[in-house]
Structures are given as C-alpha cells and as structure tokens.
Amino acid sequence: MVKVNVNGCDSFVKGAQYKEYVEKALKAYDTLQGEKGAGNDFLGWKTLPVDIDESLICEFEAIRDDWRSKGVNLVIAIGIGGSYLGAKCAIEALSHSFIEPQTKVVFAGNNLSEEYLAELLDLAKLRNVACVVISKSGTTTEPAVAFRIVKEYIEKTYGKKEASGRIVAITDAVKGALKTLSTQESYKTFVVPDNVGGRYSVLTPVGLLPIVLAGFDVRAMLKGAAAEREELLRKGEDNAAVKYAAMRNLLHTELGKAVEILVTYNPKFTYFAEWWKQLYGESEGKEGKGIYPASVTNTADLHSMGQFIQEGSRCMFETVINIEKANREMVIGSDEQNLDGLNFLAGQHVEHCNAMAQLGVKVAHIDGGVPQMEVSIERIDEANLGAAFYFFEFACGVSAYLLGINPFNQPGVEAYKKNMFALLRKPGYEKETEAILKRI
Ligand code: PA5
C-alpha cells in the first residue's frame, strides 16, 4: 500500500488552504471516477490490474520459455515514451545492480543515435537475439528506424523463417504500419488496448511482456496494483492520491512552485523517476499549465544538485519516494586503527545511514524553503512496484483534473515531428520543407 505524508509542507501552507485543496481534489476524484471528464475514452488503465487475463500471462511465459529453449540471452525491446519507460524502470528496479541476468533485456528505439544502434549490434553479435517491438500507433519514427535495423540483423543472422519466431510485436489491433508489417511477416502480436494511452500502459503487454522476459513476476505486480486500486477506491480526505494531488496543486498554485523534484535514495529507482516524469510531464504540461517534473537520485545528487536545491531559486518542492525496508543487509564493520574515523558507525546498517541522510536532507531543505512530501512503499519488489505504478497513474488523473487539464492526450508531441519529417524530406512534407529551410 502506498502512503503519502505531507507533514514536510506544514510550515509552508495553512491548514485551511490544504482543506480547500483537498475539497478540490475530491471533486477531481469524482470526475475521474465518474468517467465524465476530458479524455474519458482513455480510462482503460483504471481496471487493468483486475482485467488482465491469466491466459495472457501464460502466453508471455510461453514466449519466454520458447526463447530460453533456443538459447536466447538478449532481448531487444524497441519502443519510445510510454512504449518503453514502464518496462525499463521495472527491470532496472528489480534487477541485480551488477550481475548479468540469464536473459538481458536492453532497450532501443528511444533515440536516433547512430552510435547507440551500432553498439547495440556489437552486443547482438556476441549474443543469441530476439526482439519485442512496441508502438501503439505503429508509426513512430524512432522505434521504426531501430526496428528496421534490428529486423535486418535478425533475418540475416537466423534466416527469415526463424526470424519471424524471434520477433514479437505489440501494437494497435488493426491500424498502423507495424500492424501491417507484423501480419505480413507472421509475427506473434499483442494488442495495446485502444482505451489505454502509452504512458498508462505499463500493466498491458507493453510493460508486462518485457518484464516477464527479464524473469520477473508480473502476477505479483498486478496483484500489488489491484490492492492499490482497492485502496484508492475508498474516497476520502485520507485517500493517498487525493492527498498527493491536493498538496502538489496547492504548492504550485498558491506558493508558485513551478518544479516538482521526485527524489529517490536508491539508484535502482532512478528510472522509476523517468517513468514518473513522462507520466506527469505529458499528462499535465498543456495550455501553458503544469508543474515541471524533475528528479534526483540521492545521495549522489546531493553532491551535484544539492547546492541548488538548498540555496538556489526557490521554485521547487520535493516528493521523496520513501522505501521503508531494504532487500539486502550490509553492516559497517569496526576497525581497530579507525584511521578513517568511522568507528562511530561500526555495527550500523548502511541503510540506516541512508535513512539518516534522508531525514537530515528533509530538515535542511525545509529550512531552506523547499516543501517536502513523502510517498512510501514498503520495499522494492514486484507487488510494491505495481502499487506505485497504479498510485501515480491514478493520482495523475486526479491532479490533472484539479488543474483543469485533460491528462490523457499529448497534442504537443506532434510539433517537432512535422519539422523533422520536413527536414528529412518525407514525401508529403514538401511545403513544410520549404518553409522551415527559410528559417534556419
Ligand atoms: O504516452 C504516450 O502516448 C506517448 O509517450 C507514447 O507512448 C510515445 O509517443 C510512443 O508512441 P507509440 O507507442 O505510438 O510509438
């Protein structure tokens, strides 16, 4: 269960103000739950934890087992934005930080770097490769470019027939170039439901298949998400999503805080912040509104961004992902000579030092004018990640409706594409090419 603590904001806001914003958040909660708000045809994510069929998970496991039986030890997951960040952050959070897994899942199609793709093929040549290509629209340029290159490599290396058994596509049920290509090449395909937007799709095949291929338990993840859904179904001022949405909007609107920094004290959660940034940035940043989502990984970033957060422009508040229990133990030893002067820590868990750093930063940042919220999960595992995914998605819906924004579209993402296509001389963009060349 996800818990939200707003007491680190007490010295910045008045009780009455918070009450007012809780009331606003409760109205936004009704809009989300009543399914009458803007973008209400994209609410399929709300019931995913209880809708996903067991047979689908069995299909994912069959692919995993088939590829393992062929000796596959590298899966290239191709996708961008919501078509990769969920799986990427879950796999980063759940994987050993240093030891390579039996099957490594790597990500491509999330950039247009030639060097990145060339180095990916360097790795592919050392491995036994399969690929999952993910694009809801089936037309996004970055994954399409990466897939053309990876597909060619797989076909050349394993033959065209074998290649079709080493490629799985996740896309729209009927439309898009990826769907057409998959049908023609007889790829196994899974569908991204029409009513689930990319950044809300981690609990669809988009996130679940790569997570299964990496060896993790998506049943536990869905169970954790379902339990969190049950929690959030209970409307009230103690509802965690209502508290989070109320406080972040209050800090933004009444105190002028323009930036929310998601803070983690575990490097395994660095990519979780990337997922969160996309979720909140793309959902709320519209019509000249929104809180700019940023992130830091402490304690590392206390030695880079810490100075700014402590004393720089007072534009931000922090939301700390508080992980209550560590999964591993490491106790600091005693040293007879004590040359490093650390014997005062002898017998202490490293995580205790981390917790004291977190507490010390909280007090220092509050003193420095940075309000702080905490969002707590018990530990890093599949169930807690599922709960965290569901919590932040739900809270994003409530928060955006409170702000008066449709959280489920992303009209601004198209703007750069027109210019890029014009500059790449894509057929049909001739007029735009002419216009843009005059400007650069
Ligand atoms: O949240 C979103 O809708 C976007 O970030 C998309 O996930 C991203 O643009 C990728 O789109 P697609 O899956 O259609 O390739």
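Remember, it's 1-based here, ligands and their atoms both numbered in the order they're listed. What you are looking at is a predicted structure, and each value in this text was computed from that prediction instead of being measured.
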Exercise for review: Assess whether atom NZ of Lys235 is packed by more than 12 heavy atoms of other residues, nucleotides or ligands within 6.0 Å.
Suggested key: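 Yes.
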Review point. Who pairs with Phe391 by ring pair (Phe, Tyr, Trp, His ring centres under 6.0 Å), at least two apart in sequence or on another chain?
Key: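 Once residues adjacent in sequence are excluded, the partners of Phe391 under the ring pair (Phe, Tyr, Trp, His ring centres under 6.0 Å) criterion are Tyr244.
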**Study point:** Sole residue of His365, Met373, Glu374 in side chain to side chain contact (heavy atoms under 4.5 Å, CB included) with Val320
**Key:**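 Among His365, Met373, Glu374, the one meeting side chain to side chain contact (heavy atoms under 4.5 Å, CB included) with Val320 is Glu374.
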Review point. With hydrogens left out, which residues have an atom under 4.0 Å from ligand 1, given that only heavy atoms count?
Key: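 Residue list for ligand 1: Ile80, Gly81, Gly82, Ser83, Ser135, Lys136, Ser137, Thr140, Gly198, Arg199, Gln278, Glu282, Gln410.
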Check your understanding: Residues in side-chain hydrogen bond (donor to acceptor under 3.5 Å, both in side chains) with Asn266, at least two apart?
Key ->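 Listed in chain order: nothing, the list is empty.
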**Study point:** Ring-face cation of Lys156 near Tyr153 (centre distance under 6.0 Å, axis angle within 45°)
**Key:**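 Judged by the rule (NZ or CZ under 6.0 Å from the ring centre, within 45° of its axis), Lys156 is not positioned above Tyr153.
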Under 3.5 Å, side-chain donor or acceptor atoms of residues 98-107 against the rest of the protein: list the pairs with distances, not counting sequence neighbours.
residue, atom, partner, partner atom, Å
Glu100, OE1, Arg127, NH2, 2.7
Glu100, OE2, Lys104, NZ, 3.4

